[in-house]
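The structure appears right after this line, and notes come after that.
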Number of protein chains: 2
Amino acid sequence: MLNYQAPLDLAFQALADPTRRIMVERLSQGPASVSELAQPLDMTLSAVVQHLAVLEASGLVRSEKVGRVRTCRIEPKALHSAERWISERRASWERRLDRLGAFLVETEPTIKPRRKK
Amino acid sequence: MLNYQAPLDLAFQALADPTRRIMVERLSQGPASVSELAQPLDMTLSAVVQHLAVLEASGLVRSEKVGRVRTCRIEPKALHSAERWISERRASWERRLDRLGAFLVETEPTIKPRRKK
DNA sequence: CCAATAGTTAAGTGTATGCTTAACTATCAA
DNA sequence: TTGATAGTTAAGCATACACTTAACTATTGG
């Protein structure tokens, strides 16, 4: 596999970890400091900072430090492109099923059809 | 972290790999055999089978073998629950921004407002 | 029957991930 | 100025991941 990580790789990878989903969940309700993010999590601050780094690298989260506190917030764009990827797959799958359905209706217009002719 | 993998972990983890996304993309256009899935991929069949196992474990794909060919198809439910998780986060984030917007409008009804009173 | 096809399984390898501890830096408040 | 707060960074460790090769098992067309 290549070393270059496409945006979607990073976004889905980031969302694959339950700790990071909790962080995103928290941030979807509004900005938070690193310690606030860490508070419900049963791990060291250090680990949380590392998760945050993954979230930032994925583009899902942005943060800025003022004084000694770093304030984090979600970056909706990355979340949106992950969502879009999925919904596009769903769309193409649904289109296919529609065509299939249409074909079946056309071929066999009634349930238990009498043999034609 | 626990050893138990929540469904969302597995789904996002599965989607995090570009090879597996290609496979899902292919399957969203319709069922395919393992070799058909492997055809555009630059790796051994063995590796593809292993990716398929990940996709099946995540619930994103289902397959059945008849004769010597295994036919794979996507399982929309898992894809849908991943999509839903994201859209729910987005919803809560948008609600918050709406409230914030309303608050700002209420507090400061005009741009560059004249000082009240 | 037998060779080609389609897939499976096990073992090994290098790299990435999710943590921990520990030592460190900056900011704020008394 | 000093101690508490908030976060950062490096090193180490165990486990998980994405492959490969190689040996193997069915199925099927001729």
Side-chain angles (χ1 to χ4, degrees), chain A residues 1-27 31-73, chain B residues 1-27 31-73:
Chain A
M1 204 43 58
L2 287 171
N3 198 14
Y4 167 73
Q5 296 277 70
L8 276 180
D9 292 45
L10 295 173
F12 284 127
Q13 184 72 261
L15 293 176
D17 186 278
T19 298
R20 288 192 293 260
R21 282 203 308 280
I22 289 172
M23 293 169 75
V24 168
E25 232 155 300
R26 171 58 249 272
L27 291 175
S33 70
V34 176
S35 328
E36 277 164 1
L37 287 178
Q39 184 254 301
L41 302 172
D42 188 23
M43 65 185 65
T44 62
L45 225 212
S46 173
V48 173
V49 169
Q50 289 169 63
H51 279 299
L52 180 60
V54 172
L55 287 169
E56 294 213 50
S58 77
L60 287 164
V61 166
R62 174 173 47 93
S63 78
E64 61 195 328
K65 194 169 182 175
V66 41
R68 60 186 163 172
V69 1
R70 175 174 297 278
T71 301
C72 314
R73 56 194 80 238
Chain B
M1 205 41 58
L2 289 169
N3 198 13
Y4 166 74
Q5 296 278 69
L8 276 180
D9 292 46
L10 296 174
F12 284 127
Q13 185 71 261
L15 294 176
D17 187 279
T19 298
R20 287 191 294 260
R21 282 202 308 282
I22 290 171
M23 293 169 74
V24 168
E25 232 153 303
R26 170 60 249 271
L27 291 176
S33 71
V34 177
S35 328
E36 277 164 1
L37 287 178
Q39 184 253 302
L41 301 172
D42 188 23
M43 65 185 65
T44 62
L45 225 213
S46 172
V48 174
V49 169
Q50 289 169 63
H51 279 298
L52 180 61
V54 172
L55 286 169
E56 293 213 51
S58 77
L60 287 165
V61 167
R62 175 171 47 93
S63 77
E64 60 195 329
K65 194 167 182 175
V66 40
R68 59 185 164 175
V69 0
R70 175 174 297 279
T71 301
C72 313
R73 55 195 80 238

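Only this structure's heavy atoms are used, side chains among them; waters, hydrogens and symmetry mates stay out. Letters A, B, ... mirror the listed sequences (proteins, then strands); counts begin at 1.
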Side chains of [X] and [Y] in contact at under 4.5 Å (non-hydrogen atoms):
X	Y	value
L52(A)	R70(A)	yes
F12(B)	R21(A)	yes
D9(A)	D17(B)	no

Can you tell me if E56(A) and S63(A) form a side-chain donor-acceptor pair at under 3.5 Å?
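Side-chain D/A pair, E56(A) to S63(A): present.
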E64(A) side chain to T71(A) side chain, donor-acceptor N/O pair below 3.5 angstrom:
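Note: E64(A) and T71(A) side chains miss the donor-acceptor criterion.
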Assuming nearest nucleotide by heavy-atom distance, tell me which of V69(A) and Q13(A) is located more 5' along DNA chain D.
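That would be V69(A).
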If only atom types and distance count, is the side chain of R20(B) paired as donor or acceptor with the main-chain N or O of A14(B) below 3.5 Å?
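A pair under 3.5 Å: yes.
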Under 3.5 Å, is there a donor-acceptor pair between the side chain of E36(A) and the main chain of S33(A)?
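Yes, E36(A) side chain to S33(A) backbone: donor-acceptor pair under 3.5 Å.
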Round to a whole Å and report the spacing from [atom1] of [X] to [atom2] of [N].
X	N	atom1	atom2	result
R70(A)	dA26(C)	CZ	P	14 Å
D9(B)	dT17(C)	CG	P	15 Å
M43(A)	dT21(C)	CE	C1'	15 Å
L52(B)	dC19(D)	CG	P	14 Å
D42(B)	dT20(D)	CG	C1'	13 Å
L15(B)	dC17(D)	CG	P	14 Å
L45(A)	dT9(D)	CG	P	13 Å
K65(A)	dT9(D)	NZ	C1'	12 Å

Phosphate OP1/OP2 of dC19(D): any H51(B) side-chain N/O under 4.0 Å
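Yes, because at least one side-chain N or O of H51(B) sits under 4.0 Å from OP1 or OP2 of dC19(D).
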Where the side chain of D17(A) is concerned, which of dT8(C), dC19(D), dG18(C) is the nearest nucleotide?
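Within the option list, the nearest is dG18(C).
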When you match R20(A) and E36(B) each to their closest nucleotide on DNA chain C, which lands nearer the 5' end?
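Nearer the 5' end of the strand: E36(B).
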Summarise how protein sits on nucleotides 21-30 of chain D as a single string, 5' to 3': B when a protein heavy atom is under 4.0 Å from the base, S for sugar-phosphate-only contact, - for no contact.
B-----BS--
